[in-house]
Q: 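Shown below is the structure under consideration.
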Amino acid sequence: MPSERPDTGTPLPVAVLISGSGSNLQALIDAQQAGELAADIRVVVSNRADAYGLTRARQAGIETQVLSHRGFPNRADYDAALADLLGDFDPGLVVLAGFMRILTPEFVAGFHGRMFNIHPSLLPKHPGLHTHQRALEAGDTEHGATVHFVTEELDGGPAVIQARVPVLPGDDADRLAARVLAQEHRIYPLAVRWFASGRLRLDDTGHVVLDDKPLSAPVRLDELI
Ligand code: GAR
């Protein structure tokens, strides 16, 4: 599957993977319902049956699937089953929206150039977990979120767009997380919109290309508005 998508005028089939609340999923659903995405969220998959995001999907009339990681002997078997499941929906884009699992290189390779993740930090700062607490402990004066193409490197793929927020006096991890999350809800629909309309792609050298120009750095939301 080529990573470049010609603008065909048909909505891009999208699969969204979640593990929890699904507020980023909700932002995508809202954008789709507002006619802002040339995308069709065909399925929402969760590895947890109790993920609230499944309720959000059902309320929007989107098919849901639960594929619990329990019962699989290893990561490779789970990821193979997940790839099979996704294959039934033929997604042109896989959107990781709080999907809290590390993916095998084989799975990632199967969706090269057509899988996004959102991470709650200004990557390459603070990959991994507990990003808000770590930003506070590092004394960062700004923090934020990043949408990036997924590669084998955890939270390390080429970044598309970032949103920044200030770290304010008196912040704790929860307050900071809420400020970041509000920005996540702005940048994820934007990145999906660009990809779905054919404006955004990953080129053969692993560079992000937006409107036919390679990005030397991720787009900054504050410079768009
Ligand atoms: C979001 O903050 C997202 O950036 C983060 O999980 C949260 C999911 O919230 N993802 C990661 O930490 C992945 N490394 P949501 O379920 O409300 O969209």
Side-chain angles (χ1 to χ4, degrees), residues 1 3 11-32 37 39-72 74-120 123 127-129 131 145-160 181 184-185 187-193 195-196 202:
M1 174 99 182
S3 60
L12 180 74
V14 172
V16 181
L17 274 54
I18 62 166
S19 298
S21 160
S23 69
N24 277 291
L25 165 67
Q26 188 68 56
L28 294 170
I29 291 171
D30 292 348
Q32 180 179 303
L37 297 184
D40 171 25
I41 304 173
R42 284 202 180 161
V43 66
V44 171
V45 181
S46 174
N47 63 315
R48 297 180 54 112
D50 62 352
Y52 180 64
L54 292 168
T55 303
R56 298 180 190 271
R58 288 182 199 117
Q59 283 170 350
I62 298 168
E63 176 163 350
T64 59
Q65 296 275 340
V66 175
L67 187 66
S68 172
H69 48 278
R70 295 177 208 285
F72 283 91
N74 54 49
R75 203 174 281 286
D77 285 3
Y78 178 84
D79 282 8
L82 183 59
D84 272 358
L85 172 61
L86 291 175
D88 291 344
F89 297 89
D90 201 19
L93 178 67
V94 174
V95 175
L96 307 180
F99 187 62
M100 303 305 279
R101 286 188 57 82
I102 293 171
L103 298 165
T104 56
E106 291 72 20
F107 181 89
V108 171
F111 296 99
H112 180 75
R114 53 193 181 106
M115 182 156 57
F116 282 159
N117 182 42
I118 191 158
H119 183 76
L123 290 171
L129 298 174
T131 56
T146 306
V147 176
H148 65 93
F149 282 98
V150 176
T151 61
E152 282 185 23
E153 192 190 340
L154 180 69
D155 300 326
V160 173
L181 195 61
E184 294 185 37
H185 300 161
I187 58 174
Y188 223 175
L190 204 47
V192 171
R193 186 166 95 195
F195 188 88
L202 195 63

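Heavy atoms only: backbone and side chains are in, while hydrogens, waters and symmetry mates are out. On a predicted model such as this, the values are computed, not experimentally measured, just so you know. Residue indices begin at 1 and follow the sequence shown.
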Q: Find out whether Asp40 and Leu12 are in side-chain contact, i.e. whether some heavy atom of one side chain is under 4.5 Å from a heavy atom of the other.
A: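 Not in contact.
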Q: Checking side chain to side chain contact (heavy atoms under 4.5 Å, CB included) for the pair Glu63/Val44: CA distance, chi angles, key distance, verdict?
A: CA-CA 6 Å; Glu63 176 163 350; Val44 171; over 6 Å; no
Q: Take His112 and Phe149 through the test side chain to side chain contact (heavy atoms under 4.5 Å, CB included) and record every step on the way to the result.
A: CA-CA 8 Å; His112 180 75; Phe149 282 98; over 6 Å; no
Q: Would Gln32 and Val14 count as a side chain to side chain contact (heavy atoms under 4.5 Å, CB included) here? Give the steps.
A: CA-CA 11 Å; Gln32 180 179 303; Val14 172; over 6 Å; no
Q: Mind checking whether Thr104 and Phe107 have side chains closer than 4.5 Å, heavy atoms only?
A: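 Thr104 vs Phe107: side chains touch.
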Q: Please find the pair of heavy atoms, one from Ile62 and one from Ile41, that lie closest to each other, and give the distance.
A: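 Heavy atoms only, the tightest pair is CG2-O, 3.6 Å.
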Q: If I compare all heavy atoms of Thr146 with all of Ile187, which pair ends up nearest, and what's the gap?
A: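 Taking Thr146 first and Ile187 second, the nearest heavy atoms are N-CD1, 4.2 Å.
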Q: Could you please spell out the steps behind the side chain to side chain donor-acceptor pair (under 3.5 Å) verdict for Ser23 and His185?
A: CA-CA 8 Å; Ser23 69; His185 300 161; 2.8 Å; yes
Q: For Ile29 and Ala60, which heavy atoms make the closest approach, and how far apart are they?
A: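 The answer is CG2-CB, 3.7 Å.
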Q: Can Ser21 and Arg56 be counted as having a side-chain donor-acceptor contact under 3.5 angstrom?
A: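 Side chains of Ser21 and Arg56: pair found under 3.5 Å.
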Q: Got a second to check how far Gln65's CD is from Phe89's CZ, nearest 0.5 Å?
A: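 If I round to the nearest 0.5 Å, the distance is 4.5 Å.
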Q: Taking all non-hydrogen atoms of both residues into account, name the closest pair between Leu28 and Pro189 and its distance.
A: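 Looks like CD2-CA, 3.7 Å.
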Q: Is the shortest heavy-atom distance from the side chain of Phe111 to the side chain of Leu86 under 4.5 Å?
A: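 Yes - at least one pair of side-chain heavy atoms lies under 4.5 Å apart.
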Q: Would you kindly check if the NZ (Lys) or CZ (Arg) of Arg101 is within the cone defined by 45 degrees around the ring axis of Tyr78 and under 6.0 Å from the six-membered ring centre?
A: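 Here Arg101 passes the 6.0 Å and 45° test against Tyr78.
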Q: Does the side chain of Leu96 reach to within under 4.5 Å of the side chain of Leu103, using non-hydrogen atoms?
A: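 Yes, close enough: below the 4.5 Å cut-off.
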Q: For the CG atom of Asp84 and the CG atom of Asp79, what is their distance to the nearest 0.5 Å?
A: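 It is 11.0 Å, given to the nearest 0.5 Å.
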Q: Using 0.5 Å steps for rounding, measure from the CD1 atom of Ile18 to the OH atom of Tyr52.
A: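 Reported value, rounded in 0.5 Å steps: 11.0 Å.
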Q: Do Pro158 and Thr151 have side chains that approach each other closer than 4.5 Å (heavy atoms only, starting at C-beta)?
A: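 Sidechains of Thr151 and Pro158: in contact.
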Q: To the nearest 0.5 Å, tell me how far Leu123 CG sits from His148 NE2.
A: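 Here the rounded value is 5.5 Å.
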Q: Looking at CG of Asn24 and CD1 of Ile118, how far apart are the two atoms once the value is rounded to the nearest 0.5 Å?
A: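 That separation rounds to 4.5 Å.
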Q: If I compare all heavy atoms of Asp155 with all of Gly128, which pair ends up nearest, and what's the gap?
A: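 Closest pair (atom of Asp155, atom of Gly128, distance): OD2-N, 2.8 Å.
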Q: Once you round to the nearest 0.5 Å, how far does OG of Ser46 lie from CG of Leu17?
A: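 It is 8.5 Å, given to the nearest 0.5 Å.
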Q: Side-chain contact, heavy-atom cut-off 4.5 Å: Phe116 with Tyr188?
A: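 Contact flag for Phe116/Tyr188 side chains = yes.
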Q: Would a 4.5 Å heavy-atom cut-off, applied to side chains only, mark Leu82 and Phe99 as touching?
A: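 A side-chain contact exists here, since the closest heavy-atom pair is under 4.5 Å.
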Q: Do Arg42 and Pro91 have side chains that approach each other closer than 4.5 Å (heavy atoms only, starting at C-beta)?
A: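 With C-beta onward as the side chain, the pair stays apart.
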Q: Taking salt bridge (charged side-chain N to carboxylate O under 4.0 Å, His left out) as the definition, give me every residue that meets it alongside Arg48, ordered by chain and number, with sequence neighbours left out.
A: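 With sequence neighbours excluded, Arg48 shows a salt bridge (charged side-chain N to carboxylate O under 4.0 Å, His left out) to Asp50, given in chain and number order.
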Q: In sequence, state the C-alpha distance, the side-chain angles, and the governing distance for Arg75 and Ile102, and then conclude on side chain to side chain contact (heavy atoms under 4.5 Å, CB included).
A: CA-CA 8 Å; Arg75 203 174 281 286; Ile102 293 171; 3.7 Å; yes
Q: Where do His119 and Thr131 come nearest, in terms of heavy atoms and distance?
A: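 What the structure gives for the nearest pair is NE2-CG2, 3.4 Å.
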